[in-house]
Every structure is written in structure tokens, then in C-alpha cells.
Amino acid sequence: MRFLFSGRSGARIDNQMKQNAHARAKHGTTPATGTQSPDVAPTVEINGSFGYIVAKRGFDLVMGAFILLLLIPIFPLVALMIKLDSRGPVFYKQDRVGERGRRFKFYKFRSMYSEADRQLSSLEKENEQDGPVFKIKDDPRVTNVGKFLRRSSLDEIPQILNVIRGDMSLVGPRPPLPSEVEQYKPWHRRRLDVKPGITCLWQISGRSQIGFDEWMRLDIEYLKTRSIATDMMIFVKTVPAVIAQRGAY
């Protein structure tokens with residue numbers, strides 16, 4: 001198995017995956033079958049070879065531990081900023097849906113006021129995202145420090161603990177809320193066939209600027225083409241995507 005790839009080959013993988021997903025979006029087809037809105041979940045060929053799974057887990061553990069050691073010195077600073085800005089805990093935990101529908105506790109630095117979840121129903125009419133996902137650019141529940149944490153993606157750092165525990169991978173579809181999964185179409189559920197991740201094609205392609213179905217298509221395109229080379233390409237491209245802050249809020 002080859003762990004290294006050239007920038008040129010990585011770009012070809014990236015472009016091909018996006019072109020495939022965009023073509024299907026243009027013609028209104030599902031990623032796996034090319035037909036309109038199937039009533040049953042389509043068949044998707046997923047790379048689940050033993051070698052790839054072992055290599056991916058090894059990469060998660062080694063790189064996850066390295067990132068954690070690298071960033072753990074800023075934990076006290078971020079914690080202090082959060083505590084000085086608003087009342088509530090430093091960490092926010094939430095139930096998310098992982099591989100094969102298994103639920104797990106998902107960790108982030110708290111970026112919202114402590115009563116934010118109770119205020120969601122009063123804001124649903126202002127949702128700027130289609131599909132079952134809720135997102136608004138100027139969410140009044142986000143604290144001043146939280147806005148900075150979200151734009152810089154620093155709020156996501158605690159998910160490295162989820163990676164080391166095995167709940168998540170560094171690269172994979174973002175883990176959804178149980179309430180979102182309840183509203184999935186059959187073909188959306190295919191993204192749950194693999195372990196969720198911290199970064200993915202959606203993360204490096206514009207995040208909140210992308211419509212929900214297109215987001216799902218990118219995830220399923222990843223399922224069909226995932227490999228160590230693809231994972232490394234997405235991982236490397238996450239850094240400039242985070243710096244650019246495109247679609248981050």
C-alpha cells in the first residue's frame with residue numbers, strides 16, 4: 001500500500017470526486033444509482049479492505065496523538081477565554097450518530113450560551129440551510145469568543161479525543177445529530193456506513209455555503225473513492241481551508 005502521493009495526483013483525486021458529485025447534483029441524480037430519489041438506500045461500493053482500515057486507524061492514532069500534544073498547551077487559554085466571556089462549562093458534549101447508527105458523546109469547546117439548545121425552536125424559522133440541518137450566519141446564541149472559535153475551527157479541537165477513542169476518524173463524513181438522521185432520505189443514510197470524521201470533502205469545499213443534498217453527495221462520493229491517498233489529500237487541504245474561513249460560522 002502506498003502512503004505517499006504527489007500534489008498532482010492528490011489534485012486529480014480531489015477534482016474527480018468533486019466533478020462526479022457536481023455532475024450528479026446538476027442532473028438531480030443520486031450518487032449511487034443515477035436515478036431520482038430512490039425509495040430504498042442505493043448500493044455503494046465502499047473501500048473497506050483490511051489493509052486500508054488498519055492503515056487508517058494507525059494514521060488516526062499517530063496523527064491524533066501528535067495534534068493533541070501540539071495543541072494541548074492552548075487548552076488553558078481557550079478555557080480561560082470561554083469562562084471570562086460567558087457562564088457555563090468549558091466543554092460542550094452532545095449525542096451524535098456514528099458508524100452504523102451507533103450514538104456517541106461528541107466533544108467541542110463551548111461556543112454558545114449555556115441555554116442555547118432550549119432557544120433552538122424559536123429560531124428555526126430563520127434557518128439559512130436547506131434539509132434537516134440548522135445553520136444561521138449570525139446565530140444570537142453564539143458568544144463573542146464562540147464566534148472566534150468557530151471561524152478558526154478551534155472549537156473542534158476536543159474531537160481529537162473522539163478520534164483517539166475510536167468514535168471518529170480524522171477524515172470522514174461529519175457526524176450528524178439524531179434529529180437530523182430521523183429526517184434523512186434513504187440515500188442520505190449511506191454516509192453512516194463509515195466512521196465519521198473531523199474533516200471531509202464538505203469541510204474543504206465551502207462548508208455552510210454548500211446545500212444539504214450536495215453535502216450528502218460529496219460524502220457518498222468520498223465513500224466510493226476513499227483511500228489513504230484520498231484521506232491524506234483531504235487532511236492536508238484542511239489547513240488552508242481553515243485559514244481561509246470560507247463557510248465557517
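- Residues R96 and R103 have side chains not in contact (no heavy-atom distance under 4.5 Å, counting atoms from C-beta outward).
- Between the side chains of T143 and D85, at least one donor-acceptor pair of N or O atoms lies under 3.5 Å.
- For the residue pair D231/Y52, the side-chain donor-acceptor check at 3.5 Å is satisfied.
- In terms of heavy-atom proximity, L154 sits nearest to P158 at O-CD, 4.2 Å.
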- Query: Please walk me through it: do I220 and H188 pass side chain to side chain contact (heavy atoms under 4.5 Å, CB included)?
  - Reply: CA-CA 8 Å; I220 293 178; H188 294 158; over 6 Å; no

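- The backbone N or O of K135 sits less than 3.5 Å from a side-chain atom of N127, completing a donor-acceptor pair.
- In terms of heavy-atom proximity, Y107 sits nearest to Q159 at O-CG, 3.0 Å.
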- Go through the steps to decide whether K185 and D213 satisfy the test side chain to side chain contact (heavy atoms under 4.5 Å, CB included), and finish with yes or no. CA-CA 10 Å; K185 297 175 183 176; D213 274 354; 3.8 Å; yes

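- The minimum heavy-atom distance between R110 and L149, with the atom names listed, is O-CD1, 4.0 Å.
- Looking at heavy atoms from C-beta onward, P196 lies out of side-chain contact with F106 at the 4.5 angstrom threshold.
- The side chain to side chain contact (heavy atoms under 4.5 Å, CB included) check on P132 picks up E180, Q183, Y184, F212, with sequence neighbours excluded.
- Considering only heavy atoms from C-beta on, M63 stays 4.5 Å or farther from V163 through its side chain.
- Each of E99, K56, R102, R100 was evaluated against K195; a single residue qualifies, E99, per the side-chain contact (heavy atoms from CB on, under 4.5 Å) test.
- We find that R190 and D219 are not joined by a salt bridge, their nearest charged nitrogen and carboxylate oxygen being 4.0 Å or further apart.
- The backbone N or O of T225 sits less than 3.5 Å from a side-chain atom of T230, completing a donor-acceptor pair.
- Atoms NZ and CD1, on K125 and I136 in that order, are 9.5 Å from each other to the nearest 0.5 Å.
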- Task: Evaluate the ring pair (Phe, Tyr, Trp, His ring centres under 6.0 Å) criterion for residues F91 and F109: first the C-alpha distance (whole Å), next the side-chain angles of each, then the deciding distance (0.1 Å), finally the verdict.
- Result: CA-CA 5 Å; F91 296 101; F109 280 124; 5.2 Å; yes

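- Rounding to the nearest 0.5 Å places CZ of R87 at 9.0 Å from OG of S114.
- Annotation: the span from K147 atom NZ to D138 atom CG amounts to 6.5 Å, rounded to 0.5 Å.
- The closest side-chain heavy-atom distance from F148 to M81 is below 4.5 Å.
- The two residues P173 and L223 come nearest to each other via the heavy atoms CG-CD1, 4.0 Å.
- When hydrophobic clusters are built by joining Ile, Leu, Val, Met, Phe, Trp and Tyr residues whose side-chain heavy atoms come closer than 4.5 Å, directly or via intermediates, L70 is grouped together with I198.
- Legend: side chain to side chain donor-acceptor pair (under 3.5 Å) pairs involving residues 60-75, not counting sequence neighbours, sorted by first then second residue: D60-S169.
- Of the inter-residue distances, the one linking K137 atom NZ with Q129 atom CD reads 13.5 Å to the nearest 0.5 angstrom.
- The side chain to side chain donor-acceptor pair (under 3.5 Å) test with K105 is passed by exactly one of D95, D167, N162: D95.
- Distance CH2/W202 to CE/M216: 9.0 Å, rounded to 0.5 Å.
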- Go through V90 and F75 one step at a time and tell me if the side chain to side chain contact (heavy atoms under 4.5 Å, CB included) criterion holds. CA-CA 10 Å; V90 170; F75 273 45; over 6 Å; no

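- Put simply, F59 and L69 are part of two different groups of oily side chains (I, L, V, M, F, W, Y) that touch within less than 4.5 Å, one to the next.
- The nearest pair of heavy atoms linking G172 to C200 is O-CB, 3.2 Å.
- The shortest side-chain heavy-atom distance between R150 and M112 falls under the 4.5 Å cut-off.
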- Task: List the steps, then state whether side chain to side chain contact (heavy atoms under 4.5 Å, CB included) holds for R191 with R174.
- Result: CA-CA 9 Å; R191 70 193 297 271; R174 292 294 290 160; 4.3 Å; yes

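- A heavy-atom distance below 4.5 Å is found between the side chains of R141 and L120.
- A continuous path of Ile, Leu, Val, Met, Phe, Trp and Tyr side chains, each step under 4.5 Å between heavy atoms, connects L192 with M168, placing both in one hydrophobic cluster.
- Atom CG of L170 and atom CZ of R57 lie 9.5 Å apart (nearest 0.5 Å).
- In terms of hydrophobic clustering, with Ile, Leu, Val, Met, Phe, Trp and Tyr side chains grouped at heavy-atom distances under 4.5 Å, I157 and I72 are assigned to a common cluster.
- In plain terms, the two heavy atoms of P176 and V181 that are nearest each other are CG-CG2, 3.5 Å.
- With hydrophobic clusters built from ILVMFWY side chains whose heavy atoms lie under 4.5 angstrom apart, I164 shares a cluster with V171.
- Inter-residue side-chain proximity for L68 and L161 is flagged as met; some heavy-atom pair is nearer than 4.5 Å.
- Considering only heavy atoms from C-beta on, Y222 comes within 4.5 Å of I234 through its side chain.
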